[in-house]
Engineer: 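Right, I'll just put the structure down here and ask away after.
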Protein chains: 2
Amino acid sequence: MATISKENYLKAIYLLTRENGNRISTSVLANDLCVTNAAISDMANKLSKQGFVEYKKYKGIKILSKGKKIAVDILRKHRIWELFLVETLGYDWGDVHLEAEKLEHCTTNNLIDRIDEYLNFPAADPHGAPIPNKEGNYRIQTDDTIMSECEIGKNYTVTRVNDRNSDLMNYLSQIKISLNKEIKIIDKLNFDNSIIVEIDGINHSLSEILVNNIYLKESKK
Amino acid sequence: MATISKENYLKAIYLLTRENGNRISTSVLANDLCVTNAAISDMANKLSKQGFVEYKKYKGIKILSKGKKIAVDILRKHRIWELFLVETLGYDWGDVHLEAEKLEHCTTNNLIDRIDEYLNFPAADPHGAPIPNKEGNYRIQTDDTIMSECEIGKNYTVTRVNDRNSDLMNYLSQIKISLNKEIKIIDKLNFDNSIIVEIDGINHSLSEILVNNIYLKESKK
DNA sequence: TAGTAAAGTTAAGCATACTTAAATTATTTA
DNA sequence: TAAATAATTTAAGTATGCTTAACTTTACTA
């Protein structure tokens, strides 16, 4: 069985894999989970013995289908809880991540299926992240671009925001950045990797951290 | 801090204290929690060191206000979740205990307060157990009698049912026992402590286990 | 290609929450 | 009231998931 800790490891491995390619290094994972490299080596052996990941000493970790299944299951629970908290209980979008992080591990499949139905089988969470269905398949395709790679002069709509930092989320709310918002890339400053954008006719300077946590799609107009 | 395990110990001590008097013995608690006596002695020392309980070797355990506060907090979360599952998600009353048992430990006060408000500050859970408010005070007084001590010939209404056994709950549904149901005590059989009751004009024999898990109040009519 | 820095692993140790087995205390009962 | 029995505690050991410190492997650089 997968403990809470193992579920968190598999979730992190799954998400980092999508960002960083096929195998992920132990130190990238250690940094993400805020534990030491020693803890990662230890856990990698356990997960490997259980068939959740492939682990070769000094060669990094690769998630296997058995591990991916658990990771997607936890992501489904996480994202459905986030949406429930915003939609049904009126939470701000910046306040749901930590709650969902706890709830995802003590939620049965039956319970999450019922909430999924209650919310009418939503396709995305409050931050635009896609929600897997019961079978583990995503209901929408994500074909967005990270803001740091967007082009000067073009118009975009906000499709997704990473939700791990609630202060960051609150700041986005403050400058009126929300899902589906129209924004224009005015300038990209190379010396600090910040980007000047126009939102509701007002120019804002967004730091490197910000532009690496916002995803956009070119708008039609 | 109180871990999940400690929260469960304190909840059990609190509930057993109400049933069995002031101090409870380690073996009663061991039986309730399905662990060995050794585990109880071990944990009793830890809880005592943290000021949650008073523990004297060979003299049993007494809950202190600091421990009671945690127990009531967990009970509040448990009962609000149970009601939410029945009212909002359409669960059967026999299927909510195990879900609530998991959710109660990963629910912040903020979250449970919001669900409490969403449910319009209910007074009792789906089994008739009173729900403590934010301050830890019960919203209703319980002045019911356990069915085993009810009198032959009298009419009662069902006020509360212990919810720990889902098969028992399902059986109650089957014979149409629900909260506020009118039932009449027809006979009490001393040789097996069962009770014959009349429900909707039909007589049923209720075993000793059953009559020790149902609470009644004499009806006015 | 040797030397060094960075990355990764192993070993030993700790806290939690259990277990079984042995020892101790309390309670019956004869 | 003393022996037998029941209840309880202590001791030693286990699994999980971490830590720090020491060591090994890999990658980089000169």
Side-chain angles (χ1 to χ4, degrees), chain A residues 1-14 16-17 19-63 66-67 70-71 74 101-102 104-106, chain B residues 1-13 16-17 19-63 67 70-71 74 101-102 104-106:
Chain A
M1 260 306 296
T3 60
I4 290 176
S5 217
K6 284 174 183 168
E7 288 177 349
N8 281 329
Y9 273 75
L10 291 170
K11 182 178 62 167
I13 294 165
Y14 175 77
L16 288 169
T17 298
E19 286 169 22
N20 299 4
N22 218 348
R23 304 191 90 85
I24 64 155
S25 73
T26 48
S27 50
V28 162
L29 187 54
N31 180 61
D32 187 87
L33 290 170
C34 298
V35 296
T36 59
N37 280 338
I40 303 294
S41 292
D42 194 35
M43 185 61 96
N45 282 309
K46 291 177 190 166
L47 293 174
S48 173
K49 261 179 205 145
Q50 287 185 86
F52 293 127
V53 303
E54 182 187 294
Y55 172 52
K56 286 180 188 154
K57 270 168 64 169
Y58 300 104
K59 301 292 179 193
I61 302 165
K62 186 186 166 187
I63 199 158
K66 190 179 168 190
I70 289 183
I74 294 297
E101 204 82 347
K102 299 178 82 184
E104 64 191 17
H105 304 290
C106 55
Chain B
M1 260 306 296
T3 60
I4 290 177
S5 218
K6 283 175 183 168
E7 288 177 349
N8 280 329
Y9 274 74
L10 291 170
K11 182 178 61 167
I13 294 166
L16 288 169
T17 299
E19 286 168 21
N20 299 4
N22 218 347
R23 304 192 91 85
I24 64 154
S25 73
T26 49
S27 49
V28 163
L29 187 55
N31 180 62
D32 188 87
L33 290 170
C34 300
V35 295
T36 59
N37 281 336
I40 303 294
S41 293
D42 193 36
M43 185 61 96
N45 282 310
K46 291 177 191 166
L47 293 174
S48 173
K49 262 181 204 143
Q50 287 186 85
F52 293 126
V53 301
E54 184 187 292
Y55 172 53
K56 287 180 188 153
K57 270 167 63 167
Y58 299 103
K59 301 293 180 192
I61 301 164
K62 185 187 166 188
I63 197 157
I70 288 182
I74 293 297
E101 204 82 349
K102 299 179 81 184
E104 65 191 16
H105 304 291
C106 55

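Chain naming here is simple, since letters A, B, ... match the order of the sequence lines and numbering starts at 1 in each.
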Engineer: Give a yes/no answer on whether the side chain of B:Y9 brings an N or O atom under 4.0 Å of OP1 or OP2 in C:dA17.
Structural biologist: no

Engineer: Shorter than 3.5 Å, N or O on both sides, protein versus nucleotides 24-29 of chain D: list them out with atom names.
Structural biologist:
unit_1 : atom_1 : unit_2 : atom_2 : d
D:dT25 : O4'    : A:Y58  : OH     : 3.4

Engineer: In Å and rounded to the nearest 0.5 Å, what is the CG to OG1 distance from A:L10 to A:T17?
Structural biologist: 10.0 Å

Engineer: Go through C:dC18, C:dG8, D:dG17 for me and flag the one nearest to the A:K46 side chain.
Structural biologist: D:dG17

Engineer: Pick the nucleotide of DNA chain D nearest each of B:N37 and A:N37; which residue has the one closer to the 5' end?
Structural biologist: B:N37

Engineer: Rounded off to whole Å, could you give me the CG-to-P distance for the A:N8 and D:dG17 pair?
Structural biologist: 11 Å

Engineer: Show, in sequence, the C-alpha distance, side-chain angles and deciding distance for A:T26 and A:M43, and conclude whether the side chain to side chain contact (heavy atoms under 4.5 Å, CB included) test is met.
Structural biologist: CA-CA 10 Å; A:T26 48; A:M43 185 61 96; over 6 Å; no

Engineer: Quick one: B:I61 CD1 to D:dA7 C1', roughly how many Å, whole number?
Structural biologist: 13 Å

Engineer: Under 4.0 Å between a side-chain N or O of A:S25 and OP1 or OP2 of C:dA7?
Structural biologist: no

Engineer: Crowded around B:K56 NZ? As in, over 12 foreign heavy atoms under 6.0 Å?
Structural biologist: no

Engineer: Given atom CG of B:D42 and atom C1' of D:dT9, what is their separation to the nearest angstrom?
Structural biologist: 10 Å

Engineer: Which part of the nucleic acid does B:T26 contact within heavy-atom distance under 4.0 Å: base, sugar-phosphate only, or nothing?
Structural biologist: sugar-phosphate

Engineer: Do NZ/NE/NH1/NH2 and the carboxylate oxygens of A:E101 and A:K11 come within less than 4.0 Å?
Structural biologist: yes

Engineer: Nearest whole angstrom, please: distance from the P of C:dT10 to the CD1 of A:I40.
Structural biologist: 14 Å

Engineer: Rounded to whole angstrom units, what separation is found between the CZ atom of B:R23 and the P atom of C:dA26?
Structural biologist: 14 Å

Engineer: Which of these, A:I40, A:L16, A:I63, A:D32, sits in a side chain to side chain contact (heavy atoms under 4.5 Å, CB included) with A:I24?
Structural biologist: A:L16

Engineer: Would you kindly give the CG-to-P distance between B:N45 and C:dA15, to the nearest whole Å?
Structural biologist: 16 Å

Engineer: Rounded to the Å, how far apart are A:E7 CD and D:dT16 P?
Structural biologist: 15 Å

Engineer: Between B:T36 and C:dT19, does any side-chain N or O lie under 4.0 Å from OP1 or OP2?
Structural biologist: yes

Engineer: Should B:T3 be listed as having a side-chain N or O under 4.0 Å from OP1 or OP2 of C:dA17?
Structural biologist: yes

Engineer: How many angstroms lie between CG in A:L47 and CD1 in A:I70, if you round to the nearest 0.5 Å?
Structural biologist: 9.0 Å

Engineer: When you measure from the side-chain N and O atoms of A:S5 to the phosphate of D:dT16, is any distance below 4.0 Å, counting only OP1 and OP2?
Structural biologist: no

Engineer: Would you find a donor on one side and an acceptor on the other, under 3.5 Å apart, between the side chain of A:K66 and the backbone of A:Q50?
Structural biologist: yes

Engineer: Rounded off to whole Å, could you give me the CG-to-P distance for the A:L33 and C:dG8 pair?
Structural biologist: 14 Å

